[in-house]
Structure formats: C-alpha cells, structure tokens
2 protein chains.
Amino acid sequence: MDALEPDEDACREVLGILALIGDKWSVLVIGHLRDRTVRFGELHRAVTGISQRMLTRTLRQLERDGLLTRTVHAAVPPRVEYALTPLGTTLLDSVVALGGWAVEHRHEVVGNRRRYDGT
Amino acid sequence: MDALEPDEDACREVLGILALIGDKWSVLVIGHLRDRTVRFGELHRAVTGISQRMLTRTLRQLERDGLLTRTVHAAVPPRVEYALTPLGTTLLDSVVALGGWAVEHRHEVVGNRRRYDGT
DNA sequence: CCGGATCCAAGCCGATACTG
DNA sequence: CAGTATCGGCTTGGATCCGG
C-alpha cells in the first residue's frame, strides 16, 4: 500500500476520503450538482429513494469538507441552495474517471459474480 | 448524474462497484497484492487491525468479483495464496489515480473540516 | 420549505472458540 | 495454517413528529 501511504497516518485521511467516494448518496448528490445550483427539495426529488435525514446528513458532510456551498436566502418560504465548490468539481471529475472504470468493466464483474455464485 | 447512468439500472451496478473502493479493507488488501502473491497469514499481519473474519470476507468478495485469485496448495501445513488478476490490477491503477486526488487535496479537506468545526 | 430530534429495526463487525 | 460458527455491542438509516 505504499502508494496510498506517503507517510504513516496520512493513510487514514486518504482512506476517509476514499470512503466518501464509496458512499452512495454522496456520489449521487455531487453528480446532481455537476453544473447547476440546486435547492434542497429539488435534490430530494432528484435523488431517488433518499430520505430527508440522509440528504441533510450528506449535504452537511460535503459542506464540511468544502466540496459544496450552502446558501440560505432569508425569505418566506425558506430557500436553501447548494452548489459545488471548485474543489468539489475536481473531485467529481476524478470520481467520473473512476466511474469510467466501473462502466467499462461492469459486465465482466457481474459475469464473474454469476459464475462464482453458480459454482 | 448522466455520466454515471448510461442507462437506468446500470447505475446500481456502478454504485456497487464504487462502494468497493469505499471499503477500507478492500483497498488495503488490493494494495498489498500489488506486485506479489501473498499468503493468508501474511496478509493478516500486513493489514494492520483487520480481524480474521473481515479478512476472509473481504478476500471472498474480491475473489467473487474476479479481482483476485485464490489458490489452495494441498499440503501440511495448509497454504493458500492470493494474487491480483489482470482485472484487479487495472482497478488498483484506477484507485491509485483517485488516491492521487486524495493525497493532493487532503490538507485542503482537513483544513476545511477544522474551520467548519471551529465555526 | 428546510431540517432538527427521537425512536426503532437491521446489519455490520470484533472477539472468541472451535475444526480440517 | 486457514478458515467457520456464534454471540453481543454498536453503528446505520428509515419513519415520524415537531419547530423556524
């Protein structure tokens, strides 16, 4: 694992960031913010199956990491908008690149699984 | 999310594969198999903190996906060796690439977190 | 409209003990 | 040596109700 361990405890940081990529909701949310600014309710409808709770938690974490911004417009009704930061955009690009691997090899992988399960 | 949704249900497959990357143990195990063939006990010692149970489960899943091979040498004492398949190697390359993003931006991310938590 | 707070079920994961 | 089996704690995530 040397390539992922420049020094000893950087490893935890890197793994923590990779875990972000592995999180289903994070990826979907980031994907939906690719080019636009999106409101909370809009995301709630767009990301199929996410609960309000999980959407809030996911957005908070991504905001904490500086991957997106949260802007509250004081008004009635309330209006909260989310958008990717430049940092978030670079991450999205990298994730899409890795997603390319998944798209390329997904048939191979599911084929392997079926063969393994059949055996 | 169009780039990750070539068609409707491919999305689940791709997300499932991305989840693999998010799995701490999978990444560490794959990393240790980069260039060598490794025995079970050797992995157990190399991957710090992993339990026997988790190592077995992780290896089984990676084998199921066709990312590594498991070869049993009938002998006493038993001897089981694990090695990356070509498919596994291509995944490792992609993961290392994404790990590059994490290494590049990790200070920025943890800085953001500290600022957020401080506020 | 946005999201915090609470309750509760499901599943993960480590520790431990036991087999071929 | 390389696992499997079982148990118990703990996290995770959905549902629901409530507040700004």
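Chain letters run A, B, ... following the sequence lines, proteins first and then strands; every chain starts at 1.
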Worksheet item: With side chains defined as the heavy atoms from C-beta onward, is the minimum distance between B/Val29 and B/Tyr82 less than 4.5 Å?
Response: no
Worksheet item: Is there side-chain contact between B/Leu15 and A/Leu28, with heavy atoms separated by less than 4.5 Å?
Response: yes
Fill in: Main-chain N/O of B/Gly22 paired to B/Ser26 side chain as donor or acceptor, under 3.5 Å
no
Discussion item. Can you list everything that forms a salt bridge (Lys or Arg N to Asp or Glu O under 4.0 Å) with A/Glu42? Sequence neighbours excluded, please.
Written reply: A/Arg36
Worksheet item: Rounded to the nearest Å, what distance is computed from the CG atom of residue A/Leu59 to the P atom of nucleotide C/dG3?
Response: 7 Å
Worksheet item: Mind checking whether A/Arg60 and A/Arg64 have side chains closer than 4.5 Å, heavy atoms only?
Response: no
Worksheet item: Could you state the CZ-P distance from A/Arg60 to C/dA5, rounded to the nearest angstrom?
Response: 11 Å
Discussion item. Rounded to whole Å, how long is the line connecting atom CZ of B/Phe40 with atom C1' of C/dG20?
Written reply: 15 Å
Worksheet item: Side-chain N or O of A/Tyr82 less than 4.0 angstrom from OP1 or OP2 on C/dG3?
Response: yes
Worksheet entry | Presence of A/Arg79 side-chain N/O under 4.0 Å of C/dC2 phosphate oxygens OP1/OP2 | no
Item to complete: Only counting residues at least two apart or in another chain, list the ones meeting side-chain contact (heavy atoms from CB on, under 4.5 Å) with A/Thr48.
Response: none
Worksheet item: With respect to A/Glu81, which candidate in A/His73, A/Arg70, A/Arg39 satisfies the side chain to side chain donor-acceptor pair (under 3.5 Å) definition?
Response: A/His73
Discussion item. Angle between the end axes of the helix from C/dC1-D/dG20 to C/dG20-D/dC1, five pairs per end, to the nearest 10 degrees?
Written reply: 40°
Discussion item. In whole Å, I'd like the distance from the NE2 atom of A/His44 to the P atom of C/dG4.
Written reply: 13 Å
Worksheet, complete the sentence: A/Arg113 meets the salt bridge (Lys or Arg N to Asp or Glu O under 4.0 Å) criterion, sequence neighbours left out, with B/Asp65
Fill in: Members of residues 66-76 of chain B that approach DNA chain C, where some heavy atom sits under 4.0 Å away
none
Worksheet item: Between A/Arg57 and A/Pro77, who's closer to the 5' end of DNA chain C by nearest nucleotide?
Response: A/Pro77
Discussion item. Within the 4.5 Å heavy-atom criterion, are A/Ile50 and A/His44 side-chain neighbours or not?
Written reply: yes
Worksheet item: Backbone N or O of B/Leu67 within a donor-acceptor pair of the B/Thr85 side chain at under 3.5 Å?
Response: yes
Discussion item. How many whole angstroms separate atom CD of A/Glu42 from atom P of C/dG3?
Written reply: 14 Å
Worksheet item: Just by protein heavy atoms under 4.0 Å, how would nucleotides 14-20 of chain D read 5' to 3' in B, S and -?
Response: BB----B
Discussion item. Any non-hydrogen side-chain atom of A/Leu87 less than 4.5 Å from a side-chain atom of B/Val109?
Written reply: yes
Worksheet, complete the sentence: B/Leu55 atom CG is separated from C/dG14 atom P, nearest whole Å, by 11 Å
